[in-house]
Amino acid sequence: MVAVRRRASSPDRGPSITAVTPVAVAPGSGSQTLTIIGQGLKGATVSVSGDGVDVAAPSATTEQRLDATMKVAADAAPGARDVLVTAPD
């Protein structure tokens, strides 16, 4: 399993993350919708740390929610990953 931890671009300004789902994804399980709940998410981008996890550009964002498609490769190493949300320029 690849576990997802939350992290925002800056604790004092920019996006903040209060929840991420799913919290774990099995390698090779196909595309999953990654949903992030927080503040300041409109227009933000998202990435997940480590090899073998690809995240597409968000398909929908509001100030409080961001949805993106995530895929974990079958050979991705198990373990915790950081989710990074970056505010638009």
Side-chain angles (χ1 to χ4, degrees):
M1 293 300 255
V2 173
V4 179
R5 298 183 299 202
R6 60 184 192 221
R7 187 175 143 205
S9 61
S10 173
D12 56 349
R13 60 181 201 132
S16 65
I17 300 172
T18 56
V20 176
T21 59
V23 296
V25 178
S29 60
S31 295
Q32 304 275 329
T33 298
L34 175 65
T35 299
I36 299 169
I37 305 297
Q39 293 294 319
L41 302 177
K42 184 146 183 89
T45 60
V46 62
S47 61
V48 176
S49 66
D51 293 332
V53 180
D54 292 317
V55 181
S59 57
T61 62
T62 66
E63 281 299 313
Q64 293 83 30
R65 181 179 173 141
L66 182 150
D67 292 323
T69 301
M70 173 177 70
K71 190 169 186 177
V72 179
D75 61 351
R81 307 294 177 102
D82 289 323
V83 173
L84 178 64
V85 175
T86 305
D89 294 333

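All figures in this text were calculated on a predicted structure; none of them were measured in a lab.
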Q: What do the steps show when you test Q39 against Q64 for side-chain contact (heavy atoms from CB on, under 4.5 Å), and what is the final call?
A: CA-CA 5 Å; Q39 293 294 319; Q64 293 83 30; 3.6 Å; yes
Q: V72 and P27: which non-hydrogen atoms are nearest, and at how many Å?
A: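 For V72 versus P27, the nearest heavy atoms are CG1-CA, 3.7 Å.
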Q: With a 4.5 Å cut-off on side-chain heavy-atom distances among I, L, V, M, F, W and Y, is there a chain of contacts connecting V55 to V85?
A: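 Shared cluster, yes.
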Q: Is there a donor-acceptor pair under 3.5 Å between the side chain of R65 and the backbone N or O of L41?
A: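 Pair absent, no side-chain N/O of R65 close to backbone of L41.
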Q: Just jot down the side-chain hydrogen bond (donor to acceptor under 3.5 Å, both in side chains) partners of D54, sequence neighbours excluded, or say none.
A: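 With neighbours one apart ignored, the set is empty.
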Q: Write down the atom of P15, the atom of T86, and the distance for their closest heavy-atom approach.
A: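 Smallest interatomic distance, heavy atoms only, reads CG-C, 4.2 Å.
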Q: Closest approach of A76 and R81, non-hydrogen atoms and distance?
A: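 Closest approach of A76 to R81: CB-NH2, 4.1 Å.
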Q: Looking at every heavy atom in both A68 and V46, which two are closest together, and how far apart are they?
A: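 Result for this residue pair: CB-CG1, 3.9 Å.
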Q: For T35 and T21, indicate whether the former's side chain and the latter's backbone hold a donor-acceptor pair under 3.5 Å.
A: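 Absent.
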Q: Can you measure from CG (D67) to OG (S59) and round to the nearest 0.5 angstrom?
A: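 Result: 5.5 Å between the selected atoms.
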